[in-house]
Amino acid sequence: MKFSEFSRLWLHENYYKNAVRIGREGDFYTAVSVGELFGTLLARHFLALVDGGFLKLPLQVLEIGANEGHLSRDFLSALVLLRPSIFKDMEFYIIEPHESLQRVQKKTLRGVEFSHETSLKNCHFKNAFIFCNELFDSFACELIEGDRMAFVEDFRLIFRPQDERTKERCGGLDLQRGEWSPFLEEFFSDLDASCEKFIFAGFDYGGVSPQRFSLRIYQNHELFSPFEVDLREFFGRSDLTYDVNFAHIFALCERHGFRLLEFKRQNRALLDFGLEEALNFAQKSKKNYEKSLSQAKNLLFSFNDKFHFFEFQKSN
């Protein structure tokens with residue numbers, strides 16, 4: 001089978017479907033694992049978009065790839081403190097295909113009025129703000145090397161000639177070596193079809209046109225190369241991830257007529273979202289300030305330059 005099908009089975013029919021934990025007790029950390037400050041800063045950015053007229057009320061707000069629901073909880077909790085009046089003009093959704101994760105999210109967001117949808121294909125939003133954290137690196141991918149692509153036989157990687165669609169798409173990106181996701185293309189098509197207009201704010205790690213393999217396995221915070229291990233030992237039980245090719249995202253934005261608003265390093269974005277103001281606000285309580293300061297240091301210095309914030313828009 002193609003590697004994309006193998007990685008889809010690994011991640012979406014097994015690993016994520018089992019409601020894996022993220023953070024100290026899981027296989028890997030994300031910025032959300034640091035604490036509620038990350039969601040608070042996203043909420044401040046959201047309010048800045050509203051106040052600046054980039055987002056018009058009323059609107060739908062949705063998270064895609066929420067896992068345990070902690071980012072949604074932190075984002076909404078911050079809005080309660082910063083501007084509770086906005087909830088009368090908001091509807092909140094989580095896009096989540098896995099029932100096991102839906103149950104976890106409902107527990108995390110107990111008391112919050114929101115709706116689950118299993119796919120963007122089922123939705124129609126007139127005016128949306130969409131956010132995600134480390135979503136695109138979870139999309140099943142192909143492995144590209146020259147004019148060949150990876151297949152899996154008996155848990156072994158074998159490279160064979162590319163099919164015509166893969167050859168066309170990777171040729172358009174001038175991708176000679178690395179990962180390419182056909183599911184990212186499907187996602188952008190679904191996004192375009194399901195929303196009349198939106199602003200999409202995302203965080204992910206990667207580079208612009210990387211020409212190398214970045215595919216890796218995380219198990220209990222240890223790193224393994226899928227090219228050097230027996231894949232049977234990790235299949236469906238460990239995280240499989242790779243660096244996002246942001247050139248692919250830029251190309252898909254152009255193809256669908258979406259306007260790229262922002263692309264910057266994650267730590268720079270968090271400063272621009274109002275990190276200093278958030279810390280000043282936290283000074284009302286010494287305990288909260290010390291906790292927020294610790295989280296701020298972690299967010300600014302524990303995530304390397306591969307972590308980026310990107311934002312794009314579809315408007316009428």
Side-chain angles (χ1 to χ4, degrees), residues 2-8 11-12 30-31 64-65 120 130-150 157 159 161-195 198-216 225-227 239-270 272 303-315:
K2 290 181 180 180
F3 185 77
S4 59
E5 179 61 14
F6 178 76
S7 57
R8 187 191 68 80
L11 291 171
H12 299 284
T30 73
I64 305 177
L120 281 173
I130 305 166
F131 63 91
C132 63
N133 182 54
E134 297 192 23
L135 172 67
F136 293 155
D137 64 86
S138 71
F139 283 16
C141 67
E142 306 290 8
L143 299 179
I144 306 300
E145 187 165 40
D147 60 357
R148 301 182 302 157
M149 61 191 292
L157 294 175
F159 282 84
Q162 296 175 20
D163 59 67
E164 289 303 316
R165 178 173 181 265
T166 303
K167 184 183 299 184
E168 177 189 353
R169 293 291 196 252
C170 293
L173 294 171
D174 195 27
L175 179 62
Q176 299 298 316
R177 197 167 195 257
E179 295 82 15
W180 172 78
S181 176
F183 295 96
L184 186 58
E185 304 219 337
E186 180 182 340
F187 176 84
F188 267 71
S189 295
D190 291 344
L191 187 62
D192 197 2
S194 63
C195 300
F198 64 76
I199 287 181
F200 187 107
F203 301 86
D204 229 313
Y205 52 84
V208 179
S209 298
Q211 298 291 341
R212 58 179 178 77
F213 289 127
S214 60
L215 189 73
R216 54 201 181 269
S225 168
F227 301 97
D239 184 44
L240 181 70
T241 189
Y242 59 94
D243 291 354
V244 172
N245 183 351
F246 288 109
H248 193 190
I249 293 176
F250 301 158
L252 289 170
C253 283
E254 184 174 354
R255 184 185 306 172
H256 288 275
F258 302 159
R259 179 188 175 198
L260 184 67
L261 300 176
E262 296 281 359
F263 178 68
K264 61 181 70 171
R265 290 175 180 171
Q266 178 174 287
N267 52 11
R268 178 72 260 173
L270 296 179
D272 292 344
F303 295 84
N304 63 38
D305 290 347
K306 287 185 179 180
F307 286 82
H308 289 81
F309 169 71
F310 53 93
E311 189 166 64
F312 54 90
Q313 178 183 39
K314 177 183 178 181
S315 56

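Side chains included, hydrogens not; waters and symmetry mates left out as well; all remaining heavy atoms used. Bear in mind the structure is a predicted one, so any value in this text is a computation, not a measurement.
- Expressed to the nearest 0.5 Å, how far CG of L184 lies from SG of C141 amounts to 11.0 Å.
- The OG atom of S209 lies 8.0 Å from the CG atom of L175; values are rounded to the nearest 0.5 Å.
- With salt bridges taken as basic N to acidic carboxylate O contacts below 4.0 Å, one links R8 and E5.
- Between C253 atom SG and K314 atom NZ the span is 12.5 Å, to the nearest 0.5 Å.
- Using cut-offs of 30° and 60° on the angle between ring planes, the pair F263 and F250 is perpendicular.
- Ring-centre distance between H308 and F203: not below the 6.0 Å cut-off.
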Go through the steps to decide whether L252 and F258 satisfy the test side chain to side chain contact (heavy atoms under 4.5 Å, CB included), and finish with yes or no.
-> CA-CA 8 Å; L252 289 170; F258 302 159; over 6 Å; no

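- A parallel orientation is assigned to the rings of F200 and F310, their planes being inclined by less than 30° (bins at 30° and 60°).
- With rounding to the nearest 0.5 angstrom, the NZ atom of K167 is 13.0 Å from the CZ atom of R148.
- A ring-centre distance under 6.0 Å is found for F188 and F312.
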message = side chain to side chain contact (heavy atoms under 4.5 Å, CB included), that's the test. Do F3 and M149 meet it? Break it down for me.
response = CA-CA 8 Å; F3 185 77; M149 61 191 292; over 6 Å; no

* After noting the C-alpha distance and the side-chain angles of V244 and I249, does the key distance pass the side chain to side chain contact (heavy atoms under 4.5 Å, CB included) rule? -> CA-CA 9 Å; V244 172; I249 293 176; 3.7 Å; yes

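- Atom CD of residue E142 and atom CZ of residue F183 lie 8.0 Å apart, to the nearest 0.5 angstrom.
- Here the options are Y242, W180, F187, the test is ring pair (Phe, Tyr, Trp, His ring centres under 6.0 Å), and the partner is F136; only F187 passes.
- Residues R165 and E185 are paired through a salt bridge, judged by an N-O separation under 4.0 Å between the basic side chain and the carboxylate.
- Expressed to the nearest 0.5 Å, how far CG of L143 lies from OG of S214 amounts to 9.0 Å.
- By the neighbour-count criterion of 12 heavy atoms within 6.0 Å, atom CD of E254 is sparsely surrounded, having that number or fewer from other residues, nucleotides or ligands.
- Within 6.0 Å of atom CZ in R216, more than 12 heavy atoms from other residues, nucleotides or ligands are found, so the atom counts as buried in its surroundings.
- For R259, the CZ atom is loosely surrounded, since the number of other residues' heavy atoms within 6.0 Å does not exceed 12.
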